[in-house]
Amino acid sequence: MKREGRIHKGVSIGAYSILIAFMLLLLWTVLRYPGNHLIPWQMALGVAAATVLLLAAGAAWNKIYTVTGRKNSLYAVALVLFGVLLYVVSLSRQGNENTLLDYTYVYRDALNLANGRELEDTNYFLTYSNNLKPMLLLSVLFRMALLMDVSPFYFVLLRNVILVMLVACACGYLAERNGDTCWRFPILLAFVFLLPMWEMTAVFYTDSMSFGMGILGLAFLKLAAASSGKRRQTLWALLAAGMAVLAGTWKITVIIPLIACAVILLWQRVFVVILGVALQLWANSYEITKEASETANPVISWVALGMKEDGSWTNNTEFVDHMYEFSTRQEKQQYSMEYIRENRSEFWNPVHLRKKASYNFANGNLGASAFLNVEYSDGTLLWEMFSPWGKYYWRTCQYCFCYLVSMYVLLLIGMILSLRNIIRDQEPPVMLMICQLGFIGIVVFLMFWEASGRQMYNQMPGILLGSVLSIEYFWKNLSLKPRK
């Protein structure tokens with residue numbers, strides 16, 4: 001082995017060793033301190049059972065998979081049925097904008113702009129400008145619906161359902177290798193069993209509006225690499241770059257799995273700059289955007305917000321209230337920096353890190369309950385499942401926790417096998433490595449950011465894809481061959 005090869009292997013072994021140790025620590029924290037008052041030993045058993053069940057299901061599929069699974073028509077029918085069912089179920093959530101306060105402001109003023117009315121909540125957007133562009137984008141969708149004389153809710157819901165279907169399809173495509181479509185059906189089923197998605201799709205907030213856009217960007221990149229003609233390569237590359245910019249406009253965290261898009265963004269940097277500037281100029285056409293640039297909370301304030309307690313907005317209201325005392329972004333920036341310096345030791349406190357990890361990653365319902373946090377029942381099954389006052393809330397939390405954390409375990413299994421094969425001079429699958437890196441990226445990011453269970457929602461497509469690829473990798477390493 002050449003010197004460069006030995007260095008590459010040594011660095012890879014070291015990196016995976018760190019990732020595995022990090023994952024083990026995260027899993028211990030999540031299982032020891034689950035959210036929603038769940039019982040740790042019950043959840044540990046549930047996660048173990050779910051992991052074994054998923055691995056067994058993967059083995060069964062690997063054995064019974066035949067030419068039937070390769071039929072595009074059958075997959076298309078299944079995908080459309082999934083979309084129709086998701087749309088029908090989500091229709092019951094109309095009127096859910098009066099729940100989470102941030103969502104209420106975004107929804108209400110997007111509708112105001114679409115109808116040509118003045119903004120009602122200017123003070124909110126002058127403070128939290130991170131939701132200003134998403135509100136403007138949502139107002140465009142609402143306006144399109146009104147111009148077509150259809151209900152804005154029905155129209156944007158259709159957009160979200162189509163987005164979920166495209167992301168599920170993209171995950172199936174990314175799992176393909178050498179034209180083998182074996183794992184696209186299991187990936188589609190993984191989406192079906194993601195219960196929070198059935199509630200969140202009808203929520204027109206940043207988490208759901210940006211759902212899986214990073215995965216779509218990766219799929220466009222793969223299509224660009226697979227295209228033979230220069231024109232097609234350029235087209236897919238531009239779509240990937242455009243998706244990166246649009247995704248970041250909806251929700252900044254969605255760019256984390258787009259690390260793999262970095263190369264294409266550099267190659268197509270002119271297009272990215274043009275699109276980014278165009279979006280900014282469009283946003284600047286609204287007077288409130290210019291005002292917000294002088295008064296809004298700076299980005300560093302979200303880091304400061306996560307310095308103490310569990311890092312959540314709810315348990316750091318002292319910092320939030322103090323920020324309201326300042327009128328300019330510069331003053332808020334200065335206070336946030338001082339706050340971070342004063343609380344550095346508090347941030348590295350093991351209790352703080354444990355609470356923050358639990359708040360971020362041990363909430364199995366991915367924050368869906370925030371949009372049903374109302375005491376009165378609306379008569380739907382989703383309310384009974386995801387509202388804290390619902391009849392099935394605790395059982396739903398148990399299922400969601402076991403499902404989510406079993407995905408963490410599968411990713412860990414994939415990392416362990418990747419390390420094993422690197423030691424044996426075998427490279428792990430590229431897409432699996434991208435999913436592993438994307439997951440670690442969002443974990444590290446959220447440990448330094450404001451804590452919120454909702455932040456994981458738009459990352460779930462990458463986590464589901466990585467988990468299914470880990471199942472495939474597990475059985476491949478055990479030499480379990482599919483039946484021809």
For the backbone of [Y] and the side chain of [X], can you confirm whether one donor and one acceptor N or O come within less than 3.5 Å of each other?
X      : Y      : value
Lys332 : Ile300 : no
Asn115 : Arg117 : no
Thr295 : Leu126 : yes
Ser129 : Leu132 : no
Asp109 : Asp121 : yes
Lys356 : Gly306 : yes
Trp475 : Leu55  : yes
Ser90  : Thr201 : no
Ser369 : Pro388 : no
Asn360 : Ser452 : yes

When the aromatic ring centroids of Tyr87 and Tyr154 are compared, is their separation below 6.0 Å?
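No, too far apart.
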
> For residues Asn315 and Tyr359, is any side-chain donor paired with an opposing acceptor at under 3.5 Å?
Replying inline: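 Distance-only check fails for Asn315 and Tyr359.
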
Check whether any side-chain heavy atom of [X] lies under 4.5 Å from a side-chain heavy atom of [Y], and answer yes or no.
X      : Y      : answer
Asn131 : Tyr205 : yes
Met209 : Pro134 : no
Ile422 : Pro428 : yes
Thr122 : Glu291 : no
Asn365 : Tyr393 : yes
Val299 : Trp449 : yes

How many angstroms lie between atom [atom1] of [X] and atom [atom2] of [Y], to the nearest 0.5 angstrom?
X      : Y      : atom1 : atom2 : result
Leu235 : Phe220 : CG    : CZ    : 9.0 Å
Tyr107 : Ser139 : OH    : OG    : 13.0 Å
Ile18  : Met23  : CD1   : CE    : 15.0 Å
Phe211 : Asn160 : CZ    : CG    : 10.0 Å
Leu437 : Leu432 : CG    : CG    : 11.0 Å
Leu411 : Leu464 : CG    : CG    : 9.5 Å

Kindly assign one of parallel, tilted or perpendicular to the pair [X] and [Y], based on the angle between their ring planes and the thresholds 30° and 60°.
X      : Y      : result
Tyr128 : Trp302 : tilted
Phe439 : Tyr408 : tilted
Tyr403 : Tyr399 : parallel
Trp61  : Phe185 : tilted
Phe204 : Phe153 : tilted

Nearest atoms (heavy-atom pairs only) where [X] meets [Y]:
X      : Y      : answer
Trp198 : Leu382 : O-CD1, 3.7 Å
Pro298 : Gln333 : CB-OE1, 3.1 Å
Ser227 : Trp236 : OG-CD1, 3.3 Å
Phe371 : Arg93  : O-NH2, 4.0 Å
Gly462 : Cys435 : O-SG, 3.7 Å
Tyr75  : Ala168 : OH-O, 3.8 Å

task = Answer yes or no: are there more than 12 heavy-atom neighbours, outside Tyr392 itself, under 6.0 Å from its atom OH?
result = no

